Trainee: 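A single structure is presented below for examination.
Predicted model, so just to flag it, every value in this text is computed and none were measured. Chain identifiers are assigned alphabetically (A, B, ...) following the order of the sequence lines, protein sequences preceding nucleic acid strands; residue numbering begins at 1 within each chain.
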Amino acid sequence: MLDIRKVRANFDEVKEKLSKRGEDLSDFDKFSGLDEKRRELIVKTEVLKAERNNVSQQIATMKRNKENADEVILRMREVGEEIKELDDELREVEEKLNYIMMRIPNIPHESVPFGDSEDDNVEIRTWGERPEFEFEAKPHWDLGTDLNILDFERAAKVTGSRFVFYRGLGARLERALINFMLDLHIDEHGYEEILPPYLANRESLTGTGQLPKFAEDLFHVEEEDFFLIPTSEVPVTNFHRDEILNGEQLPIAFTAYSANFRSEAGSAGRDTRGLIRQHQFNKVELVRLVKPEDSYAELEKLTGHAEKVLQLLKLPYRVLNMCTADLGFTAAKKYDIEVWIPTQNMYREISSCSNFEDFQARRAHIRYRSEAGAKPEYVHTLNGSGLAVGRTVAAILENYQQEDGSVIIPEVLRPYMGGKEVITK
RNA sequence: GGGGAAGUACUCAAGUGGCUCAAGAGGUGCCCCUGCUAAGGGCAUAGAUCGCGUAAGCGGUGCGAGGGUUCGAAUCCCUCCUUCUCCGCCA
């Protein structure tokens, strides 16, 4: 959510910046009228409430002195009615204002390239050597199925499309990756490990920005009004929701493994085969709560932590600075890390590293005091995948495949795989 | 799933409709006393948020959350949440 005072004071400038996202801003024009109406109603209602407070004291005194207060009470009854009407009107105006504010995306940072589509994302760097095969490389779903480590058919039977069974060394590879990533972030990068709930309530999803606008992307448990988390960003960022932190605690760095659940509404027909787009997938997430002045340096740091995983796995990748059209709702700036998928002859997203500035903190009420007694300020929140595990498995299978259909296990994972060096039939 | 109890500020805690627009204590901060420390004494302490105002400041909200009754609600009524506890069930 944007700062309502800043929007008020710099309406045209804010609107101009938001328009770069290519977002429909027709609702946004109603802001000024509603904001003014709101403050006008507040003034009116507060004058009456102040009067009511005073007169109620007078009535108390009169009653104590056994004086007749009927006339005053009658008058105050009318004032009470008037307050109720104004409060109702105020509530309506605030609901409308809130409706708009909760659906306005974040303002892009000045270092974000302008663009109309994903074609305008800017490649910042590439890393690693793409493998060259002397044979026809197989897609990871064929490799996984032939090696009997992935079973899409049975998952479709047991649950439905876009689910998978990992089996044998496949399951172990997934688990090895999770542990490898967590250990790296904990031991080398200084993160604290969190194992969060996989269901979150409406307030939490609103805090991180998935709600109210993107409900159709989520699985919903109606009975309890819980949502399956689409990323552990949700429970982990909301860990400190409605809290005022001590400035000395910052930066807070959490890493969390969780399963993630996405309805993938609207992506019918895309990536229908393989591990790239599943309704349920594993991910190790990085979350940082930082002081505002540090957040852009922190974004570089966080992105580096995610890249390190790919470097140690020796998987080729590139980093993109996402343009205004491809930023997502909540981010002020976002880097996507894309891993090389040989059979698709392209890089595919494996991590998204974002600085949300105070956009999520404002929604989730996460604040800090720079020193004891100082006024609370919003923290800046960041997160990034470190990494999406299923897509990492896809990348390993495809990049490390051999002519006979076996797959070499990256060296750093072997201690997590019982010392095995290769996955064969 | 069923039954009980509770939720008040940083902590503990009083408070059954108006001299409480939250008493008191602890803690914390500042000060006094003292050669130093302890003990003792004094003062301060509702954080947060919203609105008006150039500002000093003024006002609204606030007793787990949200509604309601009333001239007036921490207090009465309704719904919900959380914690503790007993019974049942369960990994």
Trainee: Per the side-chain hydrogen bond (donor to acceptor under 3.5 Å, both in side chains) rule, which among A/Lys333, A/Lys301, A/Glu357 passes with A/Tyr296?
Mentor: A/Glu357
Trainee: For B/C52, give the paired nucleotide (Watson-Crick: N1-N3 plus N6-O4 or O6-N4; G-U: N1-O2 and O6-N3; both under 3.5 Å), or none.
Mentor: B/G57
Trainee: Could you tell me whether A/Lys63 contacts a base, only the sugar-phosphate backbone, or nothing, with contacts defined as non-hydrogen atoms closer than 4.0 Å?
Mentor: base
Trainee: Roughly how many Å apart are B/U70 and B/C77, using the P atom of each and rounding to a whole number?
Mentor: 16 Å
Trainee: Answer yes or no: is there an ion pair linking A/Arg348 with A/Asp271, defined by an N-O contact shorter than 4.0 Å?
Mentor: yes
Trainee: Quick one: is B/C52 close enough that its OP1 or OP2 comes under 4.0 Å of any side-chain N or O from A/Arg39?
Mentor: yes
Trainee: Write down the distance between CE (A/Met62) and C1' (B/C71), rounded to a whole number of angstrom.
Mentor: 11 Å
Trainee: Round to a whole Å and report the spacing from CD of A/Glu95 to P of B/G67.
Mentor: 10 Å
Trainee: If we take the C1' atom in both B/U83 and B/U61, what is their distance in whole Å?
Mentor: 27 Å
Trainee: Could you state the CG-C1' distance from A/Asp242 to B/U49, rounded to the nearest angstrom?
Mentor: 13 Å
Trainee: State the pairing partner of B/C89; accept Watson-Crick or G-U wobble contacts with both distances under 3.5 Å, and report none otherwise.
Mentor: none
Trainee: Using atom CD of A/Glu94 as one end and atom C1' of B/G66 as the other, report the distance to the nearest whole Å.
Mentor: 15 Å
Trainee: Determine whether a donor-acceptor pair (N or O, by modelled atom type, separation under 3.5 Å) exists between the side chain of A/Asn383 and the backbone of A/Val234.
Mentor: no
Trainee: Just how far is it from atom CG of A/Leu177 to atom CG of A/Leu182, taken to the nearest 0.5 Å?
Mentor: 10.5 Å
Trainee: Going by distance alone, is a donor N or O of one side chain under 3.5 Å from an acceptor N or O of the other, for A/Glu307 and A/Tyr317?
Mentor: yes
Trainee: With nearest nucleotide decided by heavy atoms, which residue, A/Ile244 or A/Asp88, maps closer to the 5′ end of RNA chain B?
Mentor: A/Ile244
Trainee: Looking at A/Arg38, does any N or O in its side chain come under 4.0 Å of the phosphate oxygens OP1/OP2 on B/G51?
Mentor: yes
Trainee: Please tell me which of A/Arg77 and A/Glu51 maps to the more 5' nucleotide of RNA chain B, matching each residue to the nucleotide holding its nearest heavy atom.
Mentor: A/Glu51
Trainee: Considering just the side-chain nitrogens and oxygens of A/Asn53, establish if one lies under 4.0 Å of OP1 or OP2 belonging to B/U61.
Mentor: yes
Trainee: Partner of B/A5 by Watson-Crick or G-U wobble geometry, both contacts under 3.5 Å, or none?
Mentor: B/U83
Trainee: Using the P atom in both, what is the distance from B/U28 to B/A39, to the nearest Å?
Mentor: 11 Å
Trainee: Do any side-chain nitrogens or oxygens of A/Arg5 fall under 4.0 Å of OP1 or OP2 in B/U49?
Mentor: no
Trainee: Using the C1' atom as the point on both nucleotides, what is the distance between B/A13 and B/G17, in whole Å?
Mentor: 22 Å
Trainee: A/Ile59 near the nucleic acid: base, sugar-phosphate alone, or nothing, with a heavy-atom cut-off under 4.0 Å?
Mentor: base
Trainee: Between B/C58 and B/A74, how far apart are the C1' atoms? Round to whole Å, please.
Mentor: 26 Å
Trainee: Rounded to whole angstrom units, what separation is found between the CZ atom of A/Phe226 and the C1' atom of B/C81?
Mentor: 11 Å
Trainee: Between B/U70 atom P and A/Arg75 atom CZ, what is the distance in whole Å?
Mentor: 19 Å
Trainee: Atom CG of A/Asn201 and atom P of B/A65: how far apart are they, to the nearest Å?
Mentor: 17 Å
Trainee: So, does A/Arg367 get its side chain near the phosphate of B/U49, meaning an N or O under 4.0 Å from OP1 or OP2?
Mentor: yes
Trainee: Do A/Phe329 and A/Phe359 have ring centroids that are under 6.0 Å from one another?
Mentor: yes
Trainee: Taking a pair as Watson-Crick or G-U wobble with both distances under 3.5 Å, which nucleotide is matched to B/U28?
Mentor: B/A44
Trainee: Looking only at side-chain atoms of A/Glu46, point me to the closest of B/U49, B/C50, B/C19.
Mentor: B/C50
Trainee: Base, sugar-phosphate, or nothing for A/Val43, non-hydrogen atoms under 4.0 angstrom?
Mentor: sugar-phosphate
Trainee: Check this one for me: any side-chain N or O of A/Lys84 less than 4.0 Å away from OP1 or OP2 of B/U69?
Mentor: yes
Trainee: If you measure from the P atom in B/A5 to the same atom in B/G29, how many Å do you get, rounded?
Mentor: 41 Å
Trainee: Look at the side-chain N and O atoms of A/Arg52 and state whether any lies under 4.0 Å from the OP1 or OP2 oxygen of B/U70.
Mentor: no
Trainee: For the atom pair CD (A/Glu94) and CG (A/Asp87), what is the distance rounded to the nearest 0.5 Å?
Mentor: 9.0 Å
Trainee: Judged by modelled atom types alone, do A/Asn201 and A/Ser204 share a side-chain donor-acceptor pair under 3.5 Å?
Mentor: yes
Trainee: Please work out if A/Arg8 contacts a base, only the sugar-phosphate, or nothing of the nucleic acid, heavy-atom cut-off 4.0 Å.
Mentor: sugar-phosphate
Trainee: Pick the P atom in B/G2 and in B/A14, then give their distance to the nearest Å.
Mentor: 31 Å
Trainee: Rounded to the Å, how far apart are A/His365 NE2 and B/C50 P?
Mentor: 9 Å
Trainee: C1' atom, B/U45 versus B/C50: distance in rounded Å?
Mentor: 23 Å
Trainee: Could you let me know what B/G72 is paired to, Watson-Crick or G-U wobble, both distances under 3.5 Å, or none if it's on its own?
Mentor: none
Trainee: Looking at A/Lys375, does any N or O in its side chain come under 4.0 Å of the phosphate oxygens OP1/OP2 on B/U49?
Mentor: yes
